[in-house]
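Accompanying notes for the structure given below.
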Amino acid sequence: LCFEQVLHDIGIEQLIQAGHLSRFHHYTIADYTPESVARTFLRERRRWGKSLLFFHRYQQCLACQQILAAAGIKAEVVTAASNRERQIRDFASGKTKVLISMAILAEGFYCPSLKTLFCRPSGKGCTIQMCGRVFRKQSGMNFKQIVQCRNTRHPITKTDTPDEQYVWMDDRWQSLKLNRQ
């Protein structure tokens with residue numbers, strides 16, 4: 001803005017095309033509960049890598065954390081009252097594999113090594129804000145990943161077209177368009 005007049009407006013799609021933000025793959029799961037998100041993560045831990053999971057309520061965050069912990073995954077719930085600096089430092093270093101939050105990390109969280117974002121169902125503004133956390137470029141990562149449920153009001157695919165799209169059906173990922181395999 002310059003004197004309250006927009007001089008130039010650029011969106012996520014243009015920033016990705018220009019190489020300023022990461023390209024991404026989009027995954028659609030049937031529903032978005034702590035159990036289904038944890039199950040999706042645990043089924044293919046290596047695929048998802050360093051992940052950030054968003055939920056609506058604190059109890060959902062705790063439920064997902066408990067399921068992941070029972071499977072041996074170091075996950076931490078980040079809240080306004082938690083030690084965010086330590087949690088983010090442990091995540092960046094790889095000591096913690098998964099961060100879980102409601103909205104506290106939706107803005108101002110910068111971790112280029114984040115590979116996957118599990119985006120809770122939400123409207124356009126909140127979805128773009130949450131997904132923005134994973135679009136940061138990282139050397140050696142050709143793409144990032146976003147997982148959403150089919151019932152979200154604003155799939156990120158309405159904002160930009162992913163390089164690859166998958167939906168979980170018949171106990172496997174089904175491609176929605178031509179992909180690298």
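Every heavy atom of this structure was used, including side-chain atoms; hydrogens, water molecules and symmetry mates were not. When a residue number appears, it is its place in the shown sequence, counting from 1.
- The ring pair (Phe, Tyr, Trp, His ring centres under 6.0 Å) analysis of residues 69-112, with sequence neighbours excluded, yields no pairs.
- Leu99 and Gln87 get closest at one heavy-atom pair: CD2-O, 4.1 Å.
- Aromatic rings of Phe54 and Phe118 (six-membered ring for Trp) have centroids beyond the 6.0 Å cut-off, not under it.
- For Asp31, the side-chain hydrogen bond (donor to acceptor under 3.5 Å, both in side chains) test picks out Ser36, with sequence neighbours left out.
- In the hydrophobic clustering of ILVMFWY residues, with side-chain heavy atoms under 4.5 Å counting as a link, Ile104 and Ile128 come out together.
- With rounding to the nearest 0.5 angstrom, the CZ atom of Arg136 is 10.5 Å from the CG atom of Leu114.
- Judged by the 6.0 Å and 45° rule, Arg43 forms a cation-pi pair with Trp168.
- No donor-acceptor pair under 3.5 Å is formed between the side chain of Tyr32 and the backbone N or O of Thr152.
- Residue pairs that meet the side-chain hydrogen bond (donor to acceptor under 3.5 Å, both in side chains) test with at least one member in residues 115-132, sequence neighbours left out, are His56-Arg120, Thr116-Gln145.
- With sequence neighbours excluded, the residues forming a side-chain contact (heavy atoms from CB on, under 4.5 Å) with Ala63 are Pro34, listed by chain and number.
- Taking 4.5 Å as the limit, some side-chain heavy atom of Ile67 sits within range of a side-chain heavy atom of Leu42.
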Please determine whether side-chain contact (heavy atoms from CB on, under 4.5 Å) holds for the pair Arg172 and Tyr166, giving the CA-CA distance in whole Å, both sets of side-chain angles, and the decisive distance to 0.1 Å. CA-CA 9 Å; Arg172 66 186 179 104; Tyr166 302 92; over 6 Å; no
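- Rounded to the nearest 0.5 Å, atoms CG (Asn83) and CG (Asp90) are 8.5 Å apart.
- When each of Val78, Val37, Leu68 is checked for a side-chain contact (heavy atoms from CB on, under 4.5 Å) with Ile100, only Leu68 meets the rule.
- Applying the ring pair (Phe, Tyr, Trp, His ring centres under 6.0 Å) test to residues at least two apart or on different chains, none of the pairs has a partner in residues 65-88.
- Atoms CZ and NZ, on Arg23 and Lys144 in that order, are 14.0 Å from each other to the nearest 0.5 Å.
- Put simply, the side chain of Gln148 never gets that close to the backbone of Cys119: no donor and acceptor are under 3.5 Å apart.
- Residues Thr28 and Cys149 fail the side-chain proximity criterion, which asks for heavy atoms closer than 4.5 Å.
- Remark: Trp48 pairs with no residue by the side-chain hydrogen bond (donor to acceptor under 3.5 Å, both in side chains) rule, at least two apart or across chains.
- In this structure, Leu53 CG and Leu117 CG are separated by 8.0 Å, a value rounded to the nearest 0.5 Å.
- In plain terms, the two heavy atoms of Met130 and Ala106 that are nearest each other are CG-CB, 4.0 Å.
- Every residue meeting the side-chain contact (heavy atoms from CB on, under 4.5 Å) condition with Ala30, not counting sequence neighbours, appears here in chain and number order: Arg150.
- Residues in residues 57-80 take part in these salt bridge (charged side-chain N to carboxylate O under 4.0 Å, His left out) pairs, two or more places apart or across chains: Lys74-Glu76, Glu76-Arg86.
- Between Thr40 and Trp173, the closest heavy-atom pair is CG2-CZ2, 4.2 Å.
- With sequence neighbours left out, the salt bridge (charged side-chain N to carboxylate O under 4.0 Å, His left out) criterion links Glu35 to no other residue.
- Between the NE2 atom in His154 and the SG atom in Cys131 there is a gap of 8.0 Å [rounded to 0.5 Å].
- Donor-acceptor pairing under 3.5 Å is lacking for the side chains of Thr161 and His26.
- A ring-centre distance under 6.0 Å is not found for Phe143 and Phe24.
- Partners of Lys50 according to the side-chain hydrogen bond (donor to acceptor under 3.5 Å, both in side chains) rule, which considers only residues two or more places apart in sequence or in another chain, are Ser113.
- Every residue two or more places apart in sequence or in another chain that forms a side-chain contact (heavy atoms from CB on, under 4.5 Å) with Thr79 is listed here: Tyr58, Val77, Ala81, Ser82, Met102.
- Residue pairs meeting the salt bridge (charged side-chain N to carboxylate O under 4.0 Å, His left out) criterion with at least one partner in residues 59-68, sequence neighbours excluded, are absent.
- Taken to the nearest 0.5 Å, the OG atom of Ser101 stands 9.0 Å off from the CZ atom of Arg84.
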